[in-house]
There are 2 protein chains.
Amino acid sequence: MRVTIADVAREAGVSKTTVSRVLNTKGEVDITTAARVREVIASLGYVPSSGAVGLARGSSRTVGMLTPPLNWPWMGEVLQGVVDTVEAAGYGLLLFTCNRGAESVEHFTSQVSARAFDGLLLVEPENTLDTITAMHRKGLPVVLIDDRGHHPEFPSVATTNREGGASAARHLLAVGRTRPLVITGRRHFGCVRERLSGFLDVLPTGLVAEGDFTEASGRLAVERTLAAGTPFDSVFAHNDLSAVGALRALRAAGRTVPDDIAVVGFDDIPMAQHTEPPLTTVRQPMREMGETAARMLLAHLGGTPAPDEPVVLPTELIVRRSAPAS
Amino acid sequence: MRVTIADVAREAGVSKTTVSRVLNTKGEVDITTAARVREVIASLGYVPSSGAVGLARGSSRTVGMLTPPLNWPWMGEVLQGVVDTVEAAGYGLLLFTCNRGAESVEHFTSQVSARAFDGLLLVEPENTLDTITAMHRKGLPVVLIDDRGHHPEFPSVATTNREGGASAARHLLAVGRTRPLVITGRRHFGCVRERLSGFLDVLPTGLVAEGDFTEASGRLAVERTLAAGTPFDSVFAHNDLSAVGALRALRAAGRTVPDDIAVVGFDDIPMAQHTEPPLTTVRQPMREMGETAARMLLAHLGGTPAPDEPVVLPTELIVRRSAPAS
DNA sequence: CTGAAAGCGCTTACAG
DNA sequence: CTGAAAGCGCTTACAG
């Protein structure tokens with residue numbers, strides 16, 4: 001049925017060893033022999049069995065990726081960056097999520113041990129970091145995307161959260177806003193702490209509400225601040241989703257954006273272009289982060305030692321109408 | 001280094017065959033022997049090598065998935081549905097995209113032939129359908145998600161596009177709209193033709209603009225219709241993105257939604273909840289479609305013959321303020 | 001109920 | 001430059 005290396009060898013009148021050699025361009029092979037073998041390979045439509053190759057070589061040429069829920073608005077970009085890079089290198093991408101709690105972690109763990117993949121890409125591991133750290137110590141190459149400030153012991157790629165926060169503050173200051181309301185994510189995330197302190201360094205404020213990255217939390221923060229009667233002239237939300245919530249609460253309260261209140265978000269998810277008004281936001285280079293992480297992992301698998309400092313990609317302030325330039 | 005079945009066998013004082021039997025609960029094994037083997041497996045932390053198992057069994061317990069760009073707004077949901085289902089069955093998911101054109105198709109094709117996966121899930125294949133059809137004929141199990149009306153020769157899961165279009169029309173009619181503008185996607189997509197004819201059956205109109213599922217195309221369609229001076233009291237856009245474009249164009253022209261013009265979209269992407277006003281839309285059950293397709297493929301791999309009729313999941317009209325009920 | 005042996009399809013020393 | 005043989009870690013008839 002299936003065409004094997006033995007079939008090719010027989011048809012070409014050489015040994016399997018020789019076929020293997022031309023397949024992997026390893027060792028010297030007579031140029032005519034090689035040509036003949038190649039011809040047979042083509043005419044038979046032979047493709048090496050990845051399973052057999054993996055078993056013999058002890059590696060699977062596959063990379064694993066463990067992600068948070070895939071419907072998070074920016075996961076698509078990260079994943080696309082990873083897939084493109086991994087595919088271009090001739091590797092496969094095995095996808096796992098930690099959606100189904102303990103059960104899926106178990107499934108994932110067993111796949112790791114089963115050597116189903118050679119290295120692992122990790123996105124914002126909520127509660128699997130310990131497990132992963134253990135695996136990494138046992139020799140599994142790991143690269144982390146967005147460490148949320150946990151600073152683990154393996155290579156990671158992050159973004160300039162502190163500078164991103166600072167750039168938001170500088171922008172608000174430049175357009176004359178001095179009394180901002182800051183809506184954060186959960187404080188235990190390193191990225192949240194960094195965005196906050198970067199912002200506060202430039203534009204100090206006592207008005208800081210802890211949110212949880214949901215639209216509802218953004219809405220709630222604004223509603224409460226309005227109800228308390230505390231004056232503010234701008235909002236810096238730690239992600240776009242909560243900025244969207246802020247926009248709605250402001251509109252519902254009859255406040256005009258940006259005239260009464262300017263709003264700046266963080267992430268630049270696709271939705272940010274389509275809010276009313278469109279959202280000024282600090283862009284995270286999600287796709288580039290995915291690409292970079294994948295390249296680092298592949299390089300590591302190829303023998304290049306991994307950088308021990310996190311690779312940090314720059315954020316970029318995207319100015320739209322919710323906090324215009326002038 | 002690595003713990004193998006031989007280590008377990010030695011430690012337990014049995015043959016590899018016996019270990020394999022308790023591993024796969026296949027054949028009769030003495031209950032005490034089995035217990036002892038299980039103990040050794042646990043204490044040694046033995047996990048079968050997926051590569052070796054795959055080679056010996058001739059199957060990889062892995063499913064492939066070929067998708068359009070992953071940053072499409074509803075891909076996350078589909079993917080999540082698939083991953084959950086596949087993981088729960090103990091399978092791995094190997095992800096491919098047809099992003100990089102010919103090159104990635106080639107990479108993908110070679111993975112297929114390499115038997116890197118046992119079956120394939122396919123989402124809206126733009127131009128790979130021929131290749132896939134050929135593979136299917138050669139015995140690769142395939143399930144298609146959202147066939148866009150191409151009606152291929154393999155199993156597929158779709159949604160009620162025609163009824164979805166009809167439900168949009170009924171809703172508009174119920175709220176007193178009689179002069180709709182329809183903004184379609186490209187006409188060669190089956191889903192577009194179905195949505196359109198379902199709509200027109202209920203609410204005929206001559207005002208049909210062909211778009212291409214982008215926000216810009218929705219905006220353009222509205223701008224042109226307004227410029228032409230043709231009166232209309234509502235918009236039915238074939239996807240949410242172009243509905244968003246329509247909303248913006250209407251606002252820019254000073255028309256009020258829904259008072260002047262009611263707007264209905266299709267898809268129910270996350271953004272639909274956050275437009276101004278929030279978008280009434282025909283929801284496609286993306287996650288369920290992913291789950292269903294995965295279940296069908298797994299069942300097929302398990303020996304159950306695949307249904308030869310497409311499995312059709314119902315759409316649902318989600319009423320929001322852009323076209324309210326009363 | 002249990003085991004020895006062959007085989008899955010490759011790669012890789014080793015020898016020539 | 002080339003090949004025979006062992007080995008990667010399993011499963012599966014076959015025999016007992």
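Predicted model, so just to flag it, every value in this text is computed and none were measured. In what follows, chains are A, B, ... by sequence order, proteins preceding strands, each numbered from 1.
Contact check on A/R2 versus A/D7 returns no salt bridge, with no Lys/Arg side-chain nitrogen under 4.0 Å from an Asp/Glu carboxylate oxygen. Between A/E28 and A/R21, no side-chain nitrogen of the basic residue sits less than 4.0 Å from a carboxylate oxygen of the acidic one, so the salt-bridge criterion is not met.
The salt bridge (charged side-chain N to carboxylate O under 4.0 Å, His left out) search around A/E11 returns none, not counting sequence neighbours.
A side-chain donor-acceptor contact under 3.5 Å links A/S60 to the backbone of A/A116. At least one donor-acceptor pair closer than 3.5 Å links the side chain of B/D118 to the backbone N or O of B/R61. For A/S20 (side chain) and A/K16 (main-chain N/O), no donor-acceptor pair under 3.5 Å exists by modelled atom type. Here the side chain of A/Q80 pairs a donor or acceptor atom with the backbone of B/L70 at under 3.5 angstrom.
To the nearest angstrom, C1' of C/dC1 lies 13 Å from CD1 of B/I31.
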Checklist line | Annotated protein contacts, base or backbone, on nucleotides 8-16 of chain D with a non-hydrogen cut-off under 4.0 Å, one of B, S, - each | finding: BBBSBB---

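In DNA chain C, runs of at least 3 consecutive Watson-Crick or G-U pairs, each pair with both distances below 3.5 Å, span C:1-3 with D:14-16, C:5-12 with D:5-12, C:14-16 with D:1-3.
Going from atom CG of B/D146 over to atom CD of B/Q284 covers 6.0 Å, rounded to the nearest 0.5 Å.
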